[in-house]
Amino acid sequence: MNKIYVNELKNYIDKEIIFSGFVDVVRDKKWVQFIILRDSTGKVQATVEKSVEENKNMVDLISTITRDSVIKVIGKVVKNEAVKLGGIEIIPSNIEILSLAEELPFDYNNLDGVNIDTRLDYRWLDMRNEKNTLIRQVESALTQGMREFLYKENFTEIHTPKLIGTASESGSSVFEVKYFDRLAYLAQSPQFYKQMALAGGLDKVFEVGPVFRAENSNTNRHATEFTGFDLEFAHIDSYEDVMNLEEDLLIAGLTKVKELYGDKIKELFDMDVVIPTKPFPRMDLQDLYKELHDLYNYVIPEHDIGDTNAETEKLIYKYAMEKYNSEFMFVTGYAATKRPFYHMRKEGILQGYDLIWRGTEITSGAQREHRYDELVKNAEEKGLTNDVKFYLQFFKYGCPAHGGFGIGLDRLTMLLLGLSSLKETQFLFRGPNRLEP
Ligand code: ATP
């Protein structure tokens with residue numbers, strides 16, 4: 001017999017089952033003992049009558065069970081309208097303690113006042129908080145929805161190496177790793193390899209995998225390791241095609257989340273999963289600067305001209321909501337100097353965009369430069385020719401026009417649930433001061 005999960009119990013009324021899970025609480029009353037048990041799908045009550053002679057050993061055992069111990073229950077599922085948890089309870093015939101829990105260092109059901117670092121030190125306990133379980137489930141549903149969409153669109157999921165031989169993309173924020181008698185680097189994105197796959201004849205590829213950035217900053221939206229949801233596809237006419245695909249992808253992901261967890265998110269986070277409508281508003285950066293100045297008296301600092309920063313992104317959100325009632329906004333017209341050399345330029349204008357959601361950048365996307373000579377020129381301009389020699393080769397022997405983007409999955413989840421930081425959002429946060437657990 002297999003373990004039955006809480007959400008399956010309704011199919012086993014009047015049947016004998018095995019249940020195992022964590023003990024939420026034991027209520028030892030005069031005539032009866034109630035054990036509230038839980039697994040990742042919910043909670044159920046097990047009820048043991050003290051007056052029943054055969055229950056004697058079980059009753060003694062139950063009195064020794066501590067909170068959060070894991071027990072195995074063999075028993076009958078019965079209907080009982082008086083039971084709050086789904087009108088169902090388990091009447092055990094046998095109980096076994098599989099793992100007896102010591103006293104917990106903090107109450108994960110009441111995290112107010114518990115320092116986030118203490119929570120992270122004991123992340124596996126912190127995870128037992130319903131909200132934290134839901135964060136993981138939501139991120140999984142988001143990924144599922146987006147993956148399913150891409151499979152339907154004939155994308156191929158690829159896996160690219162994270163250990164690389166040259167610190168290629170920007171060099172500034174790369175981790176070095178001792179690699180036998182030389183140095184290797186941790187990949188800052190799968191960018192080059194996604195493009196190599198297209199040069200290799202795959203038309204549409206994506207990858208969901210770790211991305212490493214040696215950013216020694218403690219913001220709420222930067223981690224040193226995060227999960228990138230990256231894709232690239234060929235035979236496009238412009239970066240408009242890339243933005244169009246991203247709209248559909250996000251709609252698919254959010255729709256899956258709403259379908260599976262919309263109600264639970266409302267209950268625990270008091271957030272509505274809003275499915276955006278197409279097209280998301282699109283605006284040129286210069287026009288935006290003007291609007292932000294006229295409406296909010298905002299002037300972009302000198303060193304950020306041609307780019308956005310955290311403050312601009314907040315205002316862009318405000319503007320997008322006020323003007324378009326949209327949580328999303330595509331921003332185009334970034335300065336080539338502020339973007340990587342592989343973003344295509346046409347008559348000097350960068351063929352790329354950022355997508356801002358709820359005031360934070362979630363994506364950079366672009367049509368990529370596939371013309372070898374142009375690409376070499378761009379790399380030279382940035383002084384990268386030597387570093388990216390191997391990459392430039394991909395475009396020498398025929399390569400279709402293409403584009404793509406990378407979404408920070410962790411940021412997406414954070415924004416979706418209105419969480420305050422990646423520390424809270426990531427399963428296991430990695431930042432300048434955190435490498436454990
Ligand atoms: P930012 O300007 O916010 O630092 P970026 O321009 O370096 O981001 P990209 O290199 O375009 O970001 O990466 C693609 C996406 O990955 C970003 O839009 C963002 O969602 C996410 N991302 C980037 N850096 C981080 C990070 N350090 N931690 C978590 N997510 C990140």
Side-chain angles (χ1 to χ4, degrees), residues 139 142-143 146 167-175 186-195 206-232 239 242-243 246 249-250 253 280 285 300-301 303-304 306-314 316-317 327-332 334-343 350-368 382 403-416 419-434:
E139 191 171 81
L142 193 59
T143 318
M146 296 201 291
S168 44
E169 261 198 74
S170 70
S172 60
S173 57
V174 66
F175 283 112
L186 293 180
Q188 290 162 285
S189 91
Q191 185 57 39
F192 291 175
Y193 296 118
K194 283 188 299 181
Q195 293 184 264
F206 77 101
E207 175 169 17
V208 188
V211 172
F212 302 91
R213 305 272 170 102
E215 289 171 300
N216 197 358
S217 61
N218 290 300
T219 74
N220 68 336
R221 59 192 191 149
H222 289 96
T224 49
E225 177 176 352
F226 64 94
T227 303
F229 196 111
D230 274 86
L231 68 79
E232 210 71 24
Y239 65 106
V242 183
M243 293 195 279
E246 182 161 13
L249 179 77
L250 288 169
F280 303 174
L285 193 58
I300 184 94
H303 59 270
D304 283 335
D307 205 351
T308 46
N309 59 31
E311 200 183 352
T312 343
E313 287 164 19
K314 296 275 169 295
I316 290 172
Y317 173 43
E327 295 185 342
F328 291 88
M329 164 89 80
F330 282 117
V331 181
T332 61
Y334 285 90
T337 50
K338 302 282 186 187
R339 286 296 180 267
F341 73 98
Y342 53 80
H343 285 199
L350 193 91
Q351 303 297 296
Y353 68 88
D354 272 10
L355 178 58
I356 317 290
W357 184 30
R358 295 181 172 168
T360 298
E361 174 203 323
I362 53 166
T363 309
S364 290
Q367 174 162 11
R368 318 301 188 185
K382 300 237 179 202
F405 54 83
I407 303 180
L409 187 63
D410 322 57
R411 269 197 206 173
L412 210 57
T413 307
M414 173 176 89
L415 296 167
L416 173 54
L419 300 168
S420 62
S421 70
L422 288 181
K423 264 190 168 179
E424 252 192 281
T425 311
Q426 289 191 310
F427 172 35
L428 292 164
F429 174 73
R430 286 291 177 263
N433 301 316
R434 184 159 285 275

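Along the sequence shown, the residues carry numbers beginning at 1. For ligands, and for the atoms within them, numbers begin at 1 and follow the listed sequence. Values reported hereafter were calculated over all heavy atoms of this structure, with side chains retained and with hydrogens, waters and symmetry mates removed.
Side chain of N220 to main chain of S420: a donor-acceptor pair is present (N/O by atom type, distance under 3.5 Å, no hydrogens or angles). Side-chain atoms of R358 do not come within 3.5 Å of backbone N or O of Y317 as any donor-acceptor pair. Here the side chain of S189 pairs a donor or acceptor atom with the backbone of Q191 at under 3.5 angstrom.
For atom 11 (O) of ligand 1, the nearest protein heavy atom (residue, atom name, distance) is S364 OG, 2.9 Å. The nearest protein atom to atom 13 (O) of ligand 1, hydrogens excluded, is given as R213 NH2, 3.5 Å; this is a heavy-atom distance. Scanning the protein heavy atoms around atom 16 (O) of ligand 1, the nearest turns out to be F226 CE1, 3.5 Å. Protein heavy atom closest to atom 14 (C) of ligand 1, with residue, atom name and distance, is G406 O, 3.5 Å. In terms of protein heavy atoms, atom 20 (O) of ligand 1 is closest to I362 O, 2.9 Å.
Crowding of N216 atom CG: a count of heavy atoms from other residues, nucleotides or ligands under 6.0 Å not exceeding 12.
Residue-to-ligand polar distances place A223 within reach of ligand 1: an N/O pair is separated by less than 3.5 Å.
Checked against the 6.0 Å centroid threshold, Y353 and F330 count as a close aromatic pair.
The residues R430 and D410 are annotated as not salt-bridged, no charged nitrogen and carboxylate oxygen being separated by less than 4.0 angstrom.
Judged as a side chain to side chain contact (heavy atoms under 4.5 Å, CB included), and not counting sequence neighbours, the contacts of K423 are I116, D117, L120, S421, F429.
Residue-level proximity to ligand 1 for H222 is carried by backbone and side chain together, each with a heavy atom below 4.0 angstrom. Of all the heavy atoms of L412, none lies under 4.0 Å from any atom of ligand 1, so neither backbone nor side chain is involved. Contacts between R411 and ligand 1 below 4.0 angstrom, taking non-hydrogen atoms only, involve the side chain exclusively.
For ligand 1, the atoms lying closer than 4.0 Å to a non-hydrogen atom of T363 are 18 (O). For ligand 1, the atoms lying closer than 4.0 Å to a non-hydrogen atom of L422 are 28 (N), 29 (C). Heavy-atom proximity to G408, at under 4.0 Å, picks out these atoms of ligand 1: 15 (C), 16 (O), 20 (O), 21 (C).
When each of E313, E424, E361 is checked for a salt bridge (Lys or Arg N to Asp or Glu O under 4.0 Å) with R221, only E313 meets the rule.
Closest heavy-atom approach to atom 27 (N) of ligand 1 among the candidates M414, E215, Q191: E215. Closest to atom 18 (O) of ligand 1 by heavy atom, among R339, E225, E361, is E361.
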For T363 and E246, what are the C-alpha separation, side-chain angles and deciding distance, and is it a side chain to side chain donor-acceptor pair (under 3.5 Å)?
CA-CA 9 Å; T363 309; E246 182 161 13; 2.6 Å; yes
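Classification of the F206-F229 ring pair by plane angle, with boundaries at 30° and 60°, yields parallel.
A heavy-atom separation below 4.0 Å is found between R221 and ligand 1.
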